[in-house]
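Working notes for the structure below.
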Amino acid sequence: MTNDIYGPFPGGPEFLGALTEGQRARYEELGTNLEVVERRIADACAAAGRPREDVTLVVVTKTYPAEDSALLAGLGVRDVAENRDQDAAPKAEQCRNLPLDWHFVGQLQTNKARSVVRYANRVHSVDRLRLVESLSAAVLKAERPELGCLVQVALDKEHGEGEHRAGVAPEDVAELADAIADTPGLRLDGVMTVAPLAGPLAGDPARAFDRLMEIATGVRTTHPAATMVSAGMSGDLEQAIAAGATHVRVGTAVLGVRSPLG
């Protein structure tokens, strides 16, 4: 495998010329999948009466190798997401010369904050005050630009379910949002959720995402700049867009089902 695909200029004849036969096949597979997902997003936006540019596709590259991230960059993808720092950190370092915007979407341990702020521009999964404090300290120590943060909302906790799941209960969102907004080095960008697995909203992503939008609207009354709503994945991106999501996190529909990294 040649390192030419890792930058500094992905795309075009030079990039394609650097690909091995296997890489070119994967590049074409990813390109076909991307076209399908892009069509789904465009159709969902049209059905909701929203401009296509209102919705950002974040490709979730977790468990897939850095090579796929480089190929996605060559296809024009700019936003990629990871959920485990031990996988993301070396991958981001290998792809450091590519024009990729890294999002962290997984449950984050406070002792990983220092590593994550080295490469991530946004953390979607902020769900406790201690993590806010750890991220702030890491950002200030790194002397980097502000880190975008989203409050992860656990909708099932509104109904006494999902006690051990990541995310804060809806009634605790405002307090955590205020804390992020008031903490040096951090920027409150909005809210994030995953369709709940328990409670009355389980199996009904449309209602779940509508509830998230109610919460997001409440956050924006106090923090008008926190306009980001991260919701929807491969199976329910249409419902998320209909509800008003600004970012959809899509993995399988783009990358397919492959053997994960060890």
Side-chain angles (χ1 to χ4, degrees), residues 1-45 52-53 55-107 115-116 118-125 192 194 230-238 240-241 245 247-262:
M1 182 176 68
T2 174
N3 281 332
D4 291 344
I5 68 170
Y6 294 102
F9 180 74
E14 296 170 352
F15 175 78
L16 292 175
L19 301 183
T20 65
E21 183 177 348
Q23 289 168 345
R24 184 178 289 271
R26 180 62 169 158
Y27 177 87
E28 292 174 355
E29 177 187 10
L30 292 172
T32 298
N33 293 345
L34 269 174
E35 288 179 4
V36 173
V37 171
E38 283 289 347
R39 193 177 313 120
R40 287 177 62 189
I41 294 172
D43 289 347
C45 286
R52 168 63 187 88
E53 57 268 23
V55 179
T56 298
L57 169 63
V58 181
V59 179
V60 182
T61 50
K62 66 180 184 180
T63 76
Y64 292 89
E67 183 176 80
D68 279 351
S69 300
L71 295 174
L72 288 167
L75 287 161
V77 169
R78 293 297 173 260
D79 292 90
V80 293
E82 291 286 326
N83 74 332
R84 297 202 311 173
D85 176 67
Q86 57 264 44
D87 297 332
K91 192 182 301 187
E93 172 62 21
Q94 191 167 358
C95 296
R96 66 187 181 279
N97 293 322
L98 299 175
L100 291 171
D101 190 357
W102 294 85
H103 301 242
F104 192 86
V105 299
Q107 191 166 11
S115 177
V116 167
R118 292 193 182 108
Y119 57 86
N121 290 320
R122 285 193 176 96
V123 174
H124 293 225
S125 49
M192 180 272 263
V194 177
S230 172
M233 298 188 288
S234 293
D236 52 21
L237 68 86
E238 285 86 0
I241 291 171
H247 290 66
V248 292
R249 310 178 306 272
V250 178
T252 303
V254 173
L255 290 150
V257 179
R258 301 180 64 216
S259 298
L261 294 172

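- Under the ring-ring contact (aromatic ring centres under 6.0 Å, His included) criterion, His247 pairs with no residue at all, not counting sequence neighbours.
- Heavy atoms only, all atoms of each residue included: Val55 and Cys45 are closest at CG2-SG, 3.6 Å.
- A side chain to side chain contact (heavy atoms under 4.5 Å, CB included) with Leu255 is found for exactly one of Asn33, Val60, Val59, Thr63, namely Val59.
- Nearest heavy-atom pair across Arg78 and Ala73 is NH1-O, 3.2 Å.
- The closest side-chain heavy-atom distance from Asp87 to Tyr64 is not below 4.5 Å.
- Within 6.0 Å of atom CD in Glu21, 12 or fewer heavy atoms from other residues, nucleotides or ligands are found, so the atom counts as exposed in its surroundings.
- In this structure, Lys91 contributes its side chain and Glu82 its backbone to no donor-acceptor pair below 3.5 Å.
- Under the 4.5 Å side-chain criterion, counting only non-hydrogen atoms from C-beta, Asn121 is not in contact with Trp102.
- Closest heavy-atom contact between Asp85 and Phe104: N-CE1, 3.7 Å.
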Glu38/Arg52 under salt bridge (Lys or Arg N to Asp or Glu O under 4.0 Å): CA gap, chis, key distance, verdict: CA-CA 9 Å; Glu38 283 289 347; Arg52 168 63 187 88; 2.8 Å; yes
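- Here the CG-OG1 distance, from Asp68 to Thr61, works out to 8.5 Å after rounding to the nearest 0.5 Å.
- A 4.5 Å side-chain heavy-atom check between Cys95 and Tyr119 finds every atom pair outside the cut-off.
- Using a 4.5 Å heavy-atom threshold, the side chains of Ile241 and Arg40 count as separate.
- Within the 4.5 Å cutoff, side-chain heavy atoms of Tyr27 are placed close to those of Leu75.
- Proximity of a side-chain donor or acceptor of Arg26 to a complementary backbone N or O of Gln23 within less than 3.5 Å is not detected.
- Here the straight-line distance linking atom CD of Glu67 with atom OH of Tyr6 works out to 5.5 Å at 0.5 Å rounding.
- Contact of the Leu57 side chain with the Leu34 side chain is registered, since non-hydrogen atoms from C-beta on lie closer than 4.5 Å.
- Tested against Val77, the residues Val254, Leu98, Leu72 include a single side chain to side chain contact (heavy atoms under 4.5 Å, CB included) partner, Leu72.
- For the pair Val250 and Ser234, the minimum side-chain heavy-atom distance is below 4.5 Å.
- For the atom pair CG of Asp101 and CZ of Arg122, the computed distance is 6.0 Å after rounding to the nearest 0.5 Å.
- Taking CD of Gln107 as the start and CG of Asn83 as the end, the distance is 10.5 Å to the nearest 0.5 Å.
- No hydrogens or angles considered: nothing links the side chains of Thr56 and Asp79 as a donor-acceptor pair under 3.5 Å.
- Nearest approach of Ala240 to Ala231, heavy atoms of both residues: CB-O, 3.4 Å.
- A distance-only check finds a donor-acceptor pair linking the side chain of Arg249 to the backbone of Ser230 [under 3.5 Å].
- Using modelled atom types, no side-chain atom of Arg84 and backbone atom of Lys62 make a donor-acceptor pair closer than 3.5 Å.
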So Glu238 and Asp43, side chain to side chain contact (heavy atoms under 4.5 Å, CB included) or not? Walk me through it. CA-CA 8 Å; Glu238 285 86 0; Asp43 289 347; over 6 Å; no
